[in-house]
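Working notes, structure below.
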Amino acid sequence: MTRKATTMSFLPTWSSEIPYIRQELVRDRIQALHNEAEQQRLVLRLQRIRRARKQAERASLRLRNALTRMA
């Protein structure tokens with residue numbers, strides 16, 4: 001009977017903590033998703049910058065070649 005009382009007193013405490021544990025897990029997951037999204041935005045921004053630099057370099061080369069032909 002003592003064993004049953006111990007189990008009964010343990011279960012309500014554990015079951016009352018479960019919603020808080022779930023909420024914490026959900027909050028952690030949401031935060032992780034926000035962090036991942038921010039990292040993806042940063043990666044895309046860097047890719048756009050690299051692409052723009054390459055385009056600027058190509059345009060500069062074309063301009064230089066055109067000026068050389070004119071001279």
Side-chain angles (χ1 to χ4, degrees):
M1 199 157 199
T2 310
R3 189 173 181 186
K4 200 172 203 181
T6 305
T7 305
M8 293 301 288
S9 65
F10 174 74
L11 286 176
T13 304
W14 172 248
S15 63
S16 67
E17 290 177 4
I18 289 176
Y20 299 109
I21 292 171
R22 285 185 182 161
Q23 287 176 357
E24 189 174 329
L25 288 173
V26 167
R27 266 189 254 117
D28 288 347
R29 181 65 179 138
I30 290 170
Q31 186 61 45
L33 289 171
H34 281 296
N35 291 341
E36 187 178 328
E38 182 59 33
Q39 289 174 353
Q40 287 297 320
R41 284 190 291 271
L42 182 60
V43 166
L44 288 174
R45 202 173 306 141
L46 290 173
Q47 287 174 344
R48 283 189 210 117
I49 290 169
R50 288 183 185 137
R51 196 175 316 126
R53 282 183 182 163
K54 285 182 183 179
Q55 289 174 351
E57 288 171 7
R58 284 189 217 118
S60 176
L61 182 60
R62 284 194 306 269
L63 179 60
R64 221 176 308 130
N65 288 340
L67 290 172
T68 303
R69 278 181 266 155
M70 288 178 68

Please list, one pair per line, the donor and acceptor atoms closer than 3.5 Å that link side chains of residues 61-71 to other protein atoms, with sequence neighbours excluded.
residue	atom	partner	partner atom	Å
Arg64	NH2	Ser60	OG	3.4
Asn65	ND2	Leu61	O	3.4
Thr68	OG1	Arg64	O	2.8
Arg69	NE	Asn65	O	3.4

Below 3.5 Å, can you tabulate the donor-acceptor pairs from side chains in residues 33-43 to any protein atom, sequence neighbours excluded?
residue	atom	partner	partner atom	Å
Asn35	OD1	Gln31	NE2	3.2
Asn35	ND2	Gln31	O	3.4
Glu38	OE1	Arg41	NE	3.3
Glu38	OE1	Arg41	NH2	2.8

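Atom CD1 of Ile18 is separated from atom CZ of Arg22 by 6.0 Å, given to the nearest 0.5 angstrom.
Among residue pairs with one or both ends in residues 47-58, none qualify as side chain to side chain donor-acceptor pair (under 3.5 Å); sequence neighbours excluded.
Side-chain contacts under 4.5 Å among hydrophobic residues (ILVMFWY), followed directly or transitively, place Val26 together with Ile30.
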